[in-house]
**Student:** 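Let me give you the structure first, and then I'll get to my questions.
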Amino acid sequence: MITVVGSINLDLIATVDRLPKPGETVPGDAFTTSPGGKGANQALAARRSGADVRMVGGVGRDSFATEALACLRDGGVDLSGVRESHAATGVALIFVEESGENVITIVPGGNGALFPGDVASADIRKGEYVMLQLEVPLETVGAALAATRSVGATSLLNTAPFRAEAAPLLGEADYVIANETEFDLYSNALSLTGDSREQRMLDFAGRTGRIMVVTLGAEGVVAATASELVRAQGLTITPVDTVGAGDTFCGYFAASLELGLPLQDALRRAAVAGSLACLKPGAQPSIPRGEDVEEALKGG
Ligand code: RIB
């Protein structure tokens, strides 16, 4: 079982030829809505990978909630841990330009009303996996990390979006997953030492005994354990839309570890899934099915 404690959003997406500069207006080509939120995306990715998944999150009592939860519900994610609050359902305002580059603003709404008590009711058990991100209150993330450790479950913390005040939480997770920008920012916040990013990753892993995973976009992914670096590549692709690719990586990585895959294989499977997620627009609609990932893995 994988429990995801995290955000649920409705993504409001405009596609544009190029992203506007501050103060500039650009015409949009198309507008769509799509279920999103880093937590929900990761939950769906783990589910599409084949895992049993439980979502712990918060939505509003509004029509956006129904749409935001539609893919999770259809996909068979257990939604008994999703609570309604008086806040509106979280939204993400997303611009995607032709190159696939994007900018996102999130308005947390009900995600901000997810509290440590919601984690306590999730009944996390020994041997399970718990996936976390930083789009919900940090005290809730901290409570989930503590609960995971106390029962003998395994935690994975995705450090997105960067929040300087979250730096002390990184050493509390069994696996930390960051992109390059986030890792460099947390490196400074944690005063990690070393002349290169990889040395600083090893410094983190050596100090904490945790595994640090850094995604490198087209360059694949690298992980540091206390004793070594492990690398894996995704697919060579031309991205259409990278929204949700990092979440796909996280969900597939958690599910692959839960399956018992060794670190190298889990990284490779997750990186391939992340590559496939860049080939379609939208966060959740682009998350690949397990069989497509296996097919791509066989293809090399
Ligand atoms: O990581 C992508 C997600 O970030 C989007 O689905 C959006 O909701 C934001 O939370």
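Counting starts at 1 for both ligands and their atoms, following the listed order.
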**Student:** With a cut-off of 6.0 Å (strictly less than), are more than 12 heavy atoms of other residues, nucleotides or ligands near CD of E98?
**Tutor:** no

**Student:** Any idea which atoms of ligand 1 are less than 4.0 Å away from a heavy-atom of E135?
**Tutor:** 4 (O), 9 (C), 10 (O)

**Student:** Please answer: with hydrophobic residues joined when any side-chain heavy atoms are less than 4.5 Å apart, are I211 and Y129 in the same cluster?
**Tutor:** yes

**Student:** Less than 3.5 Å apart, any donor N or O on the side chain of R83 or S121 sitting next to an acceptor on the other?
**Tutor:** no

**Student:** Evaluate salt bridge (charged side-chain N to carboxylate O under 4.0 Å, His left out) for R207 paired with D203, printing each intermediate quantity in order.
**Tutor:** CA-CA 6 Å; R207 281 193 210 186; D203 183 41; 2.9 Å; yes

**Student:** Hey, looking at atom 7 (C) of ligand 1, which of T248, I13, D11, L10 has the closest heavy atom?
**Tutor:** D11

**Student:** Please work out which of N41, I94, T105, V91 has its closest non-hydrogen atom nearest to atom 3 (C) of ligand 1.
**Tutor:** N41

**Student:** At a 4.0 Å threshold, what atoms of ligand 1 neighbour a non-hydrogen atom of A92?
**Tutor:** 7 (C), 8 (O)

**Student:** With only distance considered, is K38 within less than 3.5 Å of ligand 1 through an N or O on each side?
**Tutor:** yes

**Student:** Considering the heavy atoms of A283, write down every atom of ligand 1 situated less than 4.0 Å from one of them.
**Tutor:** 6 (O)

**Student:** Taking V176 as the fixed residue, which of N158, L170, L156 is the one that meets the side chain to side chain contact (heavy atoms under 4.5 Å, CB included) rule?
**Tutor:** L170

**Student:** Does a donor on one side chain sit under 3.5 Å from an acceptor on the other, for N179 and T215?
**Tutor:** no

**Student:** Identify, by atom number and element, the atoms of ligand 1 in contact range of D247, meaning under 4.0 Å from any of its heavy atoms.
**Tutor:** 1 (O), 2 (C), 3 (C)

**Student:** Indicate yes or no: does an N/O atom of G37 lie under 3.5 Å from an N/O atom of ligand 1?
**Tutor:** yes

**Student:** Enumerate the atoms of ligand 1 whose separation from the nearest heavy atom of G36 is less than 4.0 angstrom.
**Tutor:** 6 (O), 8 (O)

**Student:** Does the ring centre of F253 sit less than 6.0 Å away from the ring centre of Y175?
**Tutor:** yes

